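Here the structure comes first, spelled out in structure tokens, and everything after it is commentary.
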There are 2 protein chains.
Amino acid sequence: MAQTFEEISPADFFYRNRDIAGFTNPTRAIFTAIRELVENSLDAAEQIGVPPDIYVRLTLEGKTTHGTEIYKLRIEDNGSGIPPRYIPAAFGQVLFGSKYKLKQMRGTFGLGGTMAILYGQITTHRPAYVVSSTGGARIFMYRLMIDIQRNRPIILEKRTMLNKTGWRGTIVEFSLEGDYFRAMPKILEYFKQTAVMNPYANLTFVDPRGRLYIFRRVTTRMPPPPKETKPHPYGIDVELLQRLIQITDCKNMLDFLKKHFHRIGDNIARKFLEFAEIDFLKDPKKLTHDEIVHLARAMKSFPDFLPPDASCLSPLGEELLRAGILKELKPEFIAVCQRKPSTYAGHPFIVEVAVAYGGEIPRKNDFILYRFANRIPLLYDEASDVSFKVIHSINWRRYRVTPDMPIAILVHICSTKIPYKTVGKEFIADRPEVKKEILNGIREVARQLQRYLSKREYAERQRRRLNIFAKYLPKIAEFSTKLAGMEQPPDINGLLRSVEKLGLES
Amino acid sequence: MAQTFEEISPADFFYRNRDIAGFTNPTRAIFTAIRELVENSLDAAEQIGVPPDIYVRLTLEGKTTHGTEIYKLRIEDNGSGIPPRYIPAAFGQVLFGSKYKLKQMRGTFGLGGTMAILYGQITTHRPAYVVSSTGGARIFMYRLMIDIQRNRPIILEKRTMLNKTGWRGTIVEFSLEGDYFRAMPKILEYFKQTAVMNPYANLTFVDPRGRLYIFRRVTTRMPPPPKETKPHPYGIDVELLQRLIQITDCKNMLDFLKKHFHRIGDNIARKFLEFAEIDFLKDPKKLTHDEIVHLARAMKSFPDFLPPDASCLSPLGEELLRAGILKELKPEFIAVCQRKPSTYAGHPFIVEVAVAYGGEIPRKNDFILYRFANRIPLLYDEASDVSFKVIHSINWRRYRVTPDMPIAILVHICSTKIPYKTVGKEFIADRPEVKKEILNGIREVARQLQRYLSKREYAERQRRRLNIFAKYLPKIAEFSTKLAGMEQPPDINGLLRSVEKLGLES
């Protein structure tokens with residue numbers, strides 16, 4: 001019996017394997033759909049330097065006969081908007097998007113929004129509705145579906161409207177099968193954690209029961225946006241080199257290196273070409289097969305390239321991180337640590353760590369761990385994540401901290417390439433360089449927490465000491481008065497104050 | 001700053017995200033490449049009912065400058081061969097293959113072999129070499145590479161040769177960066193476990209040091225091959241319905257249901273159409289949007305469809321499972337249990353469980369767990385796998401078994417759709433239906449093991465008892481003889497025999 005062969009489109013691949021993208025079941029799917037669209041909206045606003053205003057509304061449309069519901073999901077933002085010629089493909093074609101650059105970005109695979117719409121279509125067979133404007137004279141509306149077998153959008157309706165108010169932004173609305181009530185805790189947790197990491201954003205969520213959840217901004221300050229960067233030689237491979245050679249207009253190797261790579265100046269370029277024994281004036285387009293392979297190997301082994309510069313990255317920064325944590329978690333104490341930039345496999349990354357103690361932070365059996373990557377919360381597979389492993393490898397007794405204390409630990413990694421394990425972005429793989437930064441960051445904030453707790457404990461002891469004095473001294477004074485046959489007890493306030501003073505000094 | 005949009009091909013997507021497919025680093029990559037190709041070869045032989053003969057050779061070609069090596073990987077099989085017109089796309093195009101059917105198959109995503117070649121190309125920039133014949137008059141050879149940006153094969157050379165010996169099979173050879181010495185334990189473990197699950201296959205592996213590892217078949221009996229099946233109504237969705245409607249040549253709903261779905265006969269079809277309030281004679285191609293959605297919902301909720309038939313599946317079977325375990329693990333005792341077929345989400349599955357005790361099975365801190373899905377070994381992420389969780393949820397003391405005993409547990413799941421978590425096929429998700437079957441299977445073999453151990457313990461006690469008698473009775477006889485002043489001690493053999501007989505009866 002012969003084998004029969006066929007080709008399938010990327011949309012078809014993800015239709016058959018939607019688990020990979022986080023659309024495993026109606027509970028998980030509704031969570032994933034909301035998060036993908038919120039993240040697109042955050043990116044769209046930050047891109048133009050505008051504090052994001054995002055409105056999410058989930059409405060019950062009906063029930064399926066197998067125990068789940070159909071919802072309409074609507075999300076509206078004040079971001080950059082999408083030019084009309086790109087709208088159909090941006091939502092109706094898998095592997096089409098604005099995110100295939102070397103840059104710190106939220107949705108890494110360019111699948112997100114389109115997968116959500118694909119899932120909605122598969123489960124309800126209703127079209128999606130997109131309205132967008134880049135702030136110009138017109139607003140564009142599309143009703144569309146995805147031709148899954150061809151991986152192409154099907155435009156059912158298209159309308160152009162006058163943009164009288166100069167509105168700018170994007171509205172996406174579509175129906176999907178979901179189990180909101182099971183997903184609710186994760187969805188609300190997602191909004192809360194997103195609010196921590198984006199304290200300059202207004203997030204509004206209206207749930208199917210009409211309940212309103214508002215996460216208000218506490219600042220309009222935003223970190224500088226991430227920048228696109230050139231590839232670093234340590235992260236190069238032959239395929240990438242070939243593409244650069246194809247598109248370059250440089251006529252010699254010296255210019256080629258200086259133009260297309262990260263942090264290669266004239267000096268280093270010359271040193272490298274000597275090391276690699278390649279002629280400075282060689283035309284890159286004339287390199288043979290083997291010469292390109294040789295060049296790639298030389299780039300990986302030349303020891304004098306400058307390490308990747310993290311200036312393309314955009315960590316949240318200490319001030320905003322404090323603001324976000326204070327806003328949402330309301331602790332008694334916060335310690336924050338931003339590690340110096342580091343690299344893995346030619347990609348720069350920065351780790352930010354925070355610990356929050358007391359206040360409204362609840363006590364649990366274990367530390368509460370908040371994990372973020374490129375400012376998105378990671379809410380699943382905690383136990384597989386490198387941060388979880390690091391935390392459980394630490395001997396906390398050194399810091400006089402126990403897991404039953406009301407403590408939350410927050411770890412944020414930003415990079416041009418987050419080492420995720422799965423497309424659903426659930427946890428981060430074990431990279432030694434990353435692990436090291438997280439470990440050192442946590443140790444730093446743990447030390448600060450330890451100092452705070454010691455001081456607190458000390459102050460607590462002093463207070464109890466003073467209480468005892470304040471409780472018994474008057475009695476002693478009274479009895480002594482009687483014993484000595486005096487009328488009036490002495491004034492003990494001076495004595496109390498000097499005890500207090502002594503206590504503060506010791 | 002406007003967003004810029006672009007499209008990327010599936011090959012490009014997996015080039016950028018090769019971690020997803022198991023090509024995370026040189027150690028993991030060389031393991032994944034070998035397994036993907038071995039699994040293709042096993043499928044190719046089983047397809048034509050031929051016991052597989054597979055030869056794998058790994059040769060060191062050179063060193064890279066960053067501490068890893070370049071290997072040439074060659075794999076040769078006696079399978080069905082690939083028709084020449086399909087060879088370039090089968091290896092040079094991502095998402096092209098023979099595995100996009102509803103069937104129990106090893107490589108689930110149609111990525112496997114092509115990803116290995118893609119990885120080889122990215123890391124060495126050398127072409128791949130494929131030779132194949134379906135047993136006809138000619139043998140076809142291709143040298144090819146992948147155009148990653150277009151997701152198309154680039155044919156560098158093509159040759160046709162006369163097939164004088166009537167050879168049939170496929171040879172794949174290509175270079176890749178790898179770290180064999182780190183990967184070696186997993187690679188050897190992979191071959192061993194594959195030999196357990198395929199006792200009718202000859203596997204030969206020659207490692208870079210020239211060491212030969214042979215896993216010889218112990219039988220030519222093979223289980224019947226898996227069969228392609230039609231979709232079951234409980235697993236239907238609107239997209240799938242639409243495609244069936246598009247391709248059908250049935251003119252009415254009654255025939256449409258009977259022809260395109262699994263186990264819908266005339267009777268059930270009529271009952272269903274009444275339930276769904278759809279006219280029997282309606283032309284499926286005339287169904288509207290909303291009617292298709294209604295039909296999908298009705299299919300999911302109609303309670304009287306027969307459950308999926310597992311006749312399309314091909315479990316290994318008790319006899320072959322014993323043969324494989326005996327051959328590779330050489331235990332003292334084996335218990336096997338094949339559970340009745342079950343289903344999840346409209347997909348049939350069968351769980352087979354075995355326990356092996358003693359003999360050459362080593363003692364460890366915990367049970368040794370072997371996990372298989374559609375006859376391929378799963379060697380990573382054990383702790384996340386449903387089988388691991390089930391084993392650790394069992395109270396083994398009930399079975400008088402402790403984890404330090406020399407025990408291996410084997411769990412095999414076969415299905416038309418294995419609920420993997422990631423594309424790298426490392427572990428199986430927690431599905432309640434699957435969990436239940438594994439749990440009951442393990443309980444069954446645990447009971448058998450308990451009975452065996454009890455008998456052994458009992459036999460052991462008896463032996464010790466007899467030893468004591470055999471040791472002391474002669475002495476007692478001797479002393480009694482002296483005490484009684486007799487010359488000759490009595491014959492105690494009769495007495496020993498009756499003690500033994502008493503022991504066996506009690």
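In the text below, chain A, chain B and the rest are named by the order of the sequence lines, each starting its count at 1. It should be emphasised that the depicted structure is a prediction, and the values quoted were computed from it without experimental measurement.
Using a 4.5 Å cut-off between heavy atoms, Arg431(B) touches chain A through its side chain atoms alone. Within the 4.5 angstrom heavy-atom criterion, only side-chain atoms of Ile70(A), from C-beta onward, approach chain B. Interface remark: Ser9(A) contributes backbone atoms only to the contact with chain B (heavy atom separation under 4.5 Å). Contacts between Met299(A) and chain B at a heavy-atom distance below 4.5 Å are absent for every atom of the residue. Gln242(A) touches chain B through its side chain: at least one heavy atom from C-beta onward sits under 4.5 Å away, while N, CA, C and O do not. Contacts of Leu240(A) with chain B are made by both backbone and side-chain atoms, with heavy-atom separations under 4.5 Å. Neither the backbone nor the side chain of Thr134(B) comes within contact range of chain A; no heavy atoms are under 4.5 Å apart. With a 4.5 Å cut-off on non-hydrogen atoms, Glu228(A) does not touch chain B at all.
Taking a 6.0 Å sphere around CD of Glu157(B), one finds it holds more than 12 heavy atoms contributed by other residues, nucleotides or ligands.
Under the 30°/60° scheme for interplanar angles, the aromatic rings of His289(B) and His125(A) are found to be tilted.
Of all the listed residues (Arg243(B), Gln121(B), Arg126(B)), the one sharing the greatest number of non-hydrogen pairs under 4.5 Å with chain A is Arg243(B). Contact count versus chain B (heavy atoms, under 4.5 Å) is highest, among Ile122(A), Thr124(A), Asn25(A), for Ile122(A).
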Residues Glu7(B), Asn151(A); criterion side chain to side chain contact (heavy atoms under 4.5 Å, CB included); working and verdict: CA-CA 11 Å; Glu7(B) 178 180 349; Asn151(A) 192 31; 5.6 Å; no
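Atom CZ of Arg297(A) and atom NZ of Lys63(B) lie 12.0 Å apart (nearest 0.5 Å). A distance of 11.5 Å separates CD in Glu239(B) from OG1 in Thr123(A), rounded to the nearest 0.5 Å. Distance check, rounded to the nearest 0.5 Å: CZ of Phe13(A) to CZ of Phe13(B) gives 8.0 Å.
Considering all non-hydrogen atoms of both residues, Tyr15(B) and Asp237(A) come closest at OH-OD1, 2.9 Å.
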